[in-house]
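What you see below is based on every heavy atom in this structure, not just the backbone, and it leaves out hydrogens, waters and symmetry mates. Nothing here was measured: the structure is a model prediction, and the numbers come from that model. Each residue takes its place number in the sequence, starting with 1.
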Amino acid sequence: FERIYQEAAVKPRVLQNRFSPQLGHDAEIRIFCQRHGIIYQPFWVLSANGQQLKSPAVTAAALAHHVDPEQVLFSYLRQQGAQPLSGTTSTVYMKDNLAS
């Protein structure tokens, strides 16, 4: 992505990418995006991170704030400057995601 950005005449303003532990949760890409004012929009946030949603840190935060682990992860990403995408078609889940 960095090469594309450097060579592009019109710079990308948004990057959508799969957010998964196998890809290191895009740590370097997220830093690049922050430094260049690019909106990072992760997808597969919930489906690719089942183990993280069950981690002691996430479950403890969920219990402490009376929310679901999924809301903790969405909230964390937003606090990091990301705009996580949700692929749900459930109205209930959409409301939960927005409330996080």
Y40 side chain to N17 side chain, donor-acceptor N/O pair below 3.5 angstrom: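 Judged by distance alone, the side chains do not pair up.
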Pairing residues for S55 by the side chain to side chain contact (heavy atoms under 4.5 Å, CB included) criterion, not counting sequence neighbours: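 For S55 the side chain to side chain contact (heavy atoms under 4.5 Å, CB included) partners, ignoring immediate neighbours, are A57, V58.
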Partner set under side chain to side chain contact (heavy atoms under 4.5 Å, CB included) for F32, not counting sequence neighbours: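 Applying side chain to side chain contact (heavy atoms under 4.5 Å, CB included) to F32 gives F1, E2, Y5, Q6, H36, I38.
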Other ILVMFWY residues reachable from V14 by side-chain steps of under 4.5 Å: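 Members besides V14, by chain and number: I39.
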Closest contact, heavy atoms only, F19 versus P42: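 That closest heavy-atom pairing would be CB-CB, 3.5 Å.
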Where Q80 and Q34 come nearest, the two heavy atoms and their spacing: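 Q80 and Q34 have their closest heavy atoms at O-NE2, 2.6 Å.
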Show me the side-chain donor-acceptor pairs of residues 62-69 shorter than 3.5 Å, one per line, residues at least two apart or across chains.
none

From D26 atom CG to C33 atom SG, the distance as rounded to the nearest 0.5 Å: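 Interatomic distance, D26 CG to C33 SG, rounded to 0.5 Å: 8.0 Å.
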Residues, nucleotides or ligands: over 12 heavy atoms within 6.0 Å of F43 CZ: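 Yes, enclosed.
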Residues which pass side chain to side chain donor-acceptor pair (under 3.5 Å) with E28, listed by chain and number, not counting sequence neighbours: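 E28: no side chain to side chain donor-acceptor pair (under 3.5 Å) contacts found.
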Side-chain heavy atoms of L15 within contact of Q41, under 4.5 Å: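 When only atoms from C-beta onward are counted, Q41 and L15 do not touch, as no gap falls below 4.5 Å.
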Summary of side-chain hydrogen bond (donor to acceptor under 3.5 Å, both in side chains) pairs that have at least one residue in residues 43-54, sequence neighbours excluded: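 Those involving residues 43-54 are H25-N49.
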